[in-house]
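The structure displayed is predicted, hence computed values, not measured ones. A note on names: the letters A, B, ... follow the listed sequences, proteins ahead of strands, and every chain is numbered from 1.
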Number of protein chains: 2
Amino acid sequence: MSGLPIYEVIRRDLLSQIRDGVLRTGDRLPSEPELAAQFGVSRMTVRQAIDQLVIDHVVVRRRGSGTYVTSAPRYRRLNRLAPFRDEIGVGDADVRTEIRERRELVAPPDVAERLLLKEGQKVVRLVRLRTVDGEPAALQESWVPYALAPNLAREDLVEGSLYRTLSERWGVAVKWAEQQISAAAATEEQASLLGVPMGGPLMTIVRLTFSGAESPVELAHSWTRPEYPLLTRLDA
Amino acid sequence: MSGLPIYEVIRRDLLSQIRDGVLRTGDRLPSEPELAAQFGVSRMTVRQAIDQLVIDHVVVRRRGSGTYVTSAPRYRRLNRLAPFRDEIGVGDADVRTEIRERRELVAPPDVAERLLLKEGQKVVRLVRLRTVDGEPAALQESWVPYALAPNLAREDLVEGSLYRTLSERWGVAVKWAEQQISAAAATEEQASLLGVPMGGPLMTIVRLTFSGAESPVELAHSWTRPEYPLLTRLDA
DNA sequence: GAGTGGTCTAGACCACATG
DNA sequence: ATGTGGTCTAGACCACTCA
């Protein structure tokens, strides 16, 4: 059963009403006092639920008017860690993962440093090629501390997802990440794997993922074809 | 004076204490009841102030322990609209703006569409080259509806900043933006302006900036040298 | 066990948008 | 004029951390 705070229950209820089409784009939510009455809670608790939806841009508040369901679902899942399928924004296309390499090795110095490992400690290196409808879309190289997921190099991934695997097999939940986004020219190997001309432009991301406040879980480099831009939303 | 809500005053006070080094990285803030007493407000109001600092990753809360100043100032200003200097993350380097073009014209169809303009309506096109310590770093092409800022093509920008100019001259405050980030090969013109090889990789951003909920203020394309990566932070 | 943040209540007054 | 969200109060109990 629950254990969930009430505002979280309310948040999920509202979210599922939106996802299920009970509340549609542009619709006004019931007013805060109204929701408070419906759920039998105080208005501050309702506000707490709505606060979360506002942070995720699912709804917007308009003072004096009401709270409305946001128009653009494509901007909802951004600035958040998300499964590759959502990140690349291809909707219901056929997304597959092809593992090109998976092995244990002693961490190279630069990798060890960013993962806060000591010299000589091992890591698992994982290289995945992601395809969309059969066409290569992105290449991902991940480094995970061996101590965190000892059998990672010998086990299959849960649905191609490293984060799901870490969570379900080793109870390591990813909490946040920092990213550096840039561009680079495709190397010969990248070009052939991704089906782009050698020297052609690729989006690059270097990501360091954390579980707790200070413990890195994964260092990842990725190269993505430029026709899959990253969508972001910025607030003032 | 003010008109500012109390929690905003408290937020700014705490922020300036952190910026000024009164509260340093890793320090614990006074407890919420303590702050409430200091500022003579209720605890919920203090929490509202701290909520904002948490969203911006300036502090973290630890249940049962306290609220602490975050370690990494470099991840604070992200996922937010920020001046070019902050966005490119060069600290106190010498950032300059060179205007390469500034003129009024009838909006091209694709620009008109994204700015929600009718056929035949005018826009101001602004092309800026940004340099860091004298070296070219980024090229920015902006399209602004003529009706929004009639004299933009004939007036100087406030410190090279389009957003500051729009705000100070025409009272148009930028509220949020959506971005598409990708990569592209430098054209011959871009290559010569940015000092990179023709065909070399550049980070590209297409940004649509809004003032109110539905009114676009600017469509911008930018090309940035890859040695200035974009920093982002993602939450789970 | 004392202190912290997490949650929640049942009110209140205000500024603002809309009919 | 009415209803909306924005702000704020003065409490309360809880789960958790840490000495």
Go through the side-chain N and O atoms of A:Gln179 and A:Arg207 and say whether any donor and acceptor fall under 3.5 Å apart.
->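 Yes, a side-chain donor-acceptor pair sits under 3.5 Å.
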
Residues of residues 26-35 of chain A with a heavy atom under 4.0 Å from any atom of DNA chain C, listed by number, are none

D:dG6 OP1/OP2 closer than 4.0 Å to side-chain N/O of A:Arg61 | yes

According to a strict under-4.0 Å criterion, is B:Tyr7 in side-chain N/O contact with OP1 or OP2 of D:dC8?
->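 So the side chain of B:Tyr7 is outside the cut-off, no N or O lying under 4.0 Å from OP1 or OP2 of D:dC8.
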
Over 12 non-hydrogen atoms of neighbours within 6.0 angstrom of CZ in A:Arg154 |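 Check passes, neighbour count above 12.
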
Should we count CD of B:Gln121 as having more than 12 external heavy atoms under 6.0 Å?
-> yes

Between [N] atom [atom2] and [X] atom [atom1], what is the distance in whole Å?
X       : N      : atom1 : atom2 : answer
A:Ile50 : D:dT7  : CD1   : P     : 14 Å
A:Phe39 : C:dT7  : CZ    : C1'   : 17 Å
A:Glu8  : C:dT7  : CD    : C1'   : 13 Å
B:Gln48 : C:dC8  : CD    : P     : 17 Å
B:Ile10 : D:dC8  : CD1   : C1'   : 11 Å
B:Leu4  : C:dA15 : CG    : P     : 15 Å

Does A:Glu32 pair with A:Arg43 as a salt bridge, N-O distance under 4.0 Å?
-> yes

State plainly whether the residues B:Glu218 and B:Arg114 are in salt-bridge range, i.e. N to O under 4.0 Å.
->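 No salt bridge links B:Glu218 with B:Arg114.
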
Per-nt protein contacts along nucleotides 9-19 of chain D (heavy atom under 4.0 Å; B base, S backbone sugar-phosphate only, - none) come out as BB-B--SBB--

Spell out, as yes or no, whether a donor-acceptor pair under 3.5 Å connects the side chain of B:Thr70 to the backbone of B:His57.
->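 Yes, the answer is positive, given that a donor and an acceptor are paired below the 3.5 Å cut-off.
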
Please confirm whether the backbone N or O of A:Arg62 pairs with a side-chain atom of A:Ser65, one donor and one acceptor, at under 3.5 Å?
-> no

Would you tabulate the side-chain donor-acceptor contacts of residues 165-174 of chain B under 3.5 Å, counting partners in other chains and residues two or more places apart, or write 'none'?
unit_1: B:Thr165; atom_1: OG1; unit_2: B:Val158; atom_2: N; d: 2.8
unit_1: B:Thr165; atom_1: OG1; unit_2: B:Ser161; atom_2: O; d: 2.6
unit_1: B:Glu168; atom_1: OE2; unit_2: B:Arg164; atom_2: NE; d: 3.2
unit_1: B:Glu168; atom_1: OE2; unit_2: B:Arg164; atom_2: NH2; d: 2.9
unit_1: B:Arg169; atom_1: NE; unit_2: B:Glu155; atom_2: OE1; d: 2.4
unit_1: B:Arg169; atom_1: NH2; unit_2: B:Asp156; atom_2: O; d: 3.3

Verdict with reasoning, B:Arg125 to B:Arg102, per side chain to side chain contact (heavy atoms under 4.5 Å, CB included) | CA-CA 6 Å; B:Arg125 180 170 189 264; B:Arg102 185 167 53 161; over 6 Å; no

